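Below you'll find the structure, written out as structure tokens, and then a few comments.
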Amino acid sequence: MSVVPSSLLPASAAPAFRGRIGRDVHSGHYAVPHRYRLHIAPYDPGCLGIAVTHSLLGLDDTLPLTVLPETPDTPDGGYAALRPLYEASAHLYDGPAAAPVLSDGWTGRIVSTHVPDILRDLALRFRGEGPDLLPEELRGEIEAVTDLCERSVNRAAQRAGELGLDGEAAHRDPLTVLFAALGSLDRRLARHPYVLGTAPTAADVQVWVTLVQLDTVHRWHLDAAAMDRVAGYPALWEYARRLAARPEFAHRLDIEAVMRHHRAHCRGREAAGAAIRLVDWPGTRV
């Protein structure tokens with residue numbers, strides 16, 4: 001496992017623990033029922049993606065999941081419950097003990113804090129009888145959809161919100177990128193029930209979590225005209241509502257926690273976004 005020293009990272013960042021789950025006993029970390037535990041925070045989009053994947057694969061009895069309190073309980077924004085894992089895993093570690101964490105109960109140490117690696121290992125090493133979320137023939141397309149969501153939806157929406165406060169011309173290009181990405185996803189979903197066809201994959205987890213963020217966090221930094229255009233992708237938002245009705249997607253979703261965390265950490269002025277959410281997201285507390 002590789003660890004980036006905390007001295008080389010921003011003060012708010014956790015070290016990048018990058019251990020992986022291998023195929024068999026020769027790999028060190030290998031998939032064994034009840035050996036590992038996931039620790040997630042209810043407001044974080046990466047944690048939500050992990051929780052949805054965990055539910056889709058039916059891993060409650062194989063890989064226990066701990067949901068941490070909504071509010072971190074240490075001054076540096078970490079969790080006291082995770083501190084022993086971080087200190088056992090990195091010598092003289094003094095950064096925040098942040099979620100998500102995949103921990104190893106046999107060693108008392110962290111395997112990984114890296115969301116993409118955790119998602120991949122859940123799908124490939126702990127699948128069991130669950131759906132194949134990373135079919136070999138679709139992995140290139142899944143990576144492309146993931147990149148589209150991160151760069152052209154999440155980052156573009158955030159950038160448009162920041163720049164839009166200074167005038168229309170400044171945020172035109174990020175909004176163009178955002179609308180093109182949403183249009184691409186909408187066209188896919190007009191043809192198929194899922195992003196890549198007739199069965200759910202890891203791409204659907206990524207897209208759904210991205211839509212949750214867009215409709216609950218980024219919306220408040222976009223003006224009403226931009227949100228009206230965001231709403232103009234019927235297949236996309238019908239898909240979001242359909243998945244939100246499935247317990248595998250909604251079980252760990254806590255919209256109130258997402259919004260409270262956003263309000264507590266937002267450093268920008270709020271724009272005059274549309275007043276009505278595009279999806280009636282389940283807001284059940286975990």
Side-chain angles (χ1 to χ4, degrees), residues 1-23 25-54 59 62-126 146 150 154-155 158 209 213 217 252 254 257-258 260-267 286:
M1 176 182 68
S2 62
V3 179
V4 178
S6 57
S7 61
L8 301 180
L9 292 166
S12 61
F17 292 88
R18 295 289 299 271
R20 301 299 302 274
I21 304 298
R23 292 179 179 275
V25 296
H26 302 292
S27 61
H29 291 117
Y30 58 97
V32 177
H34 312 297
R35 173 177 176 177
Y36 305 96
R37 178 175 290 272
L38 285 164
H39 311 258
I40 64 168
Y43 57 80
D44 178 77
C47 288
L48 179 57
I50 290 170
V52 171
T53 300
H54 183 271
L59 298 179
T62 301
L63 177 57
L65 186 148
T66 294
V67 179
L68 296 161
E70 174 187 326
T71 304
D73 54 7
T74 62
D76 58 6
Y79 289 92
L82 298 180
R83 173 62 54 182
L85 292 170
Y86 275 85
E87 292 180 346
S89 306
H91 181 59
L92 299 179
Y93 175 73
D94 60 0
V101 166
L102 175 64
S103 65
D104 181 356
W106 290 4
T107 64
R109 297 183 178 184
I110 293 171
V111 177
S112 181
T113 59
H114 187 65
V115 172
D117 286 351
I118 294 173
L119 291 171
R120 179 176 290 271
D121 285 347
L122 289 180
L124 294 179
R125 306 297 180 227
F126 292 96
T146 298
E150 288 299 325
N154 286 327
R155 293 184 194 176
Q158 182 175 4
V209 170
Q213 287 295 109
V217 173
R252 301 293 181 182
D254 188 342
V258 172
R260 278 193 292 269
H261 185 264
H262 171 64
R263 286 192 291 268
H265 292 82
C266 179
R267 296 294 180 266
V286 178

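Side chains included, hydrogens not; waters and symmetry mates left out as well; all remaining heavy atoms used. It should be emphasised that the depicted structure is a prediction, and the values quoted were computed from it without experimental measurement.
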Quick check: closest heavy atoms across [X] and [Y], and the distance to 0.1 Å?
| X | Y | result |
| --- | --- | --- |
| Y79 | A41 | OH-CB, 3.6 Å |
| G78 | P72 | O-CB, 3.3 Å |
| H261 | Y43 | NE2-CE1, 3.2 Å |
| A31 | I21 | N-CG2, 3.6 Å |

From [X] [atom1] over to [Y] [atom2], what is the distance, rounded to the nearest 0.5 angstrom?
| X | Y | atom1 | atom2 | value |
| --- | --- | --- | --- | --- |
| D121 | Y30 | CG | OH | 15.5 Å |
| T113 | L102 | OG1 | CG | 10.0 Å |
| E87 | D94 | CD | CG | 9.5 Å |
| I50 | L59 | CD1 | CG | 12.0 Å |
| L65 | R252 | CG | CZ | 5.0 Å |
| H29 | R20 | NE2 | CZ | 12.0 Å |

Would you check if the side chain of [X] reaches a backbone N or O of [Y] as a donor-acceptor pair within less than 3.5 Å?
| X | Y | value |
| --- | --- | --- |
| D254 | P42 | no |
| Y93 | R83 | no |
| D117 | R18 | no |

- Query: So among R109, H39, R35, R37, which one has a side chain to side chain donor-acceptor pair (under 3.5 Å) with S103?
  - Reply: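 Among R109, H39, R35, R37, the one meeting side chain to side chain donor-acceptor pair (under 3.5 Å) with S103 is H39.
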Quick one: are [X] and [Y] in side-chain contact, heavy atoms under 4.5 Å?
| X | Y | value |
| --- | --- | --- |
| L63 | L122 | yes |
| Y86 | P96 | no |
| V101 | F17 | no |

- Task: Please step through side-chain contact (heavy atoms from CB on, under 4.5 Å) for the pair I40 and D44, ending with a clear verdict.
- Result: CA-CA 8 Å; I40 64 168; D44 178 77; over 6 Å; no
- Query: Taking it one step at a time, do I118 and L38 satisfy side-chain contact (heavy atoms from CB on, under 4.5 Å)?
  - Reply: CA-CA 9 Å; I118 294 173; L38 285 164; 3.9 Å; yes
- Task: Could you check L124 against R23 for side-chain contact (heavy atoms from CB on, under 4.5 Å), going step by step and ending with a plain yes or no?
- Result: CA-CA 9 Å; L124 294 179; R23 292 179 179 275; over 6 Å; no
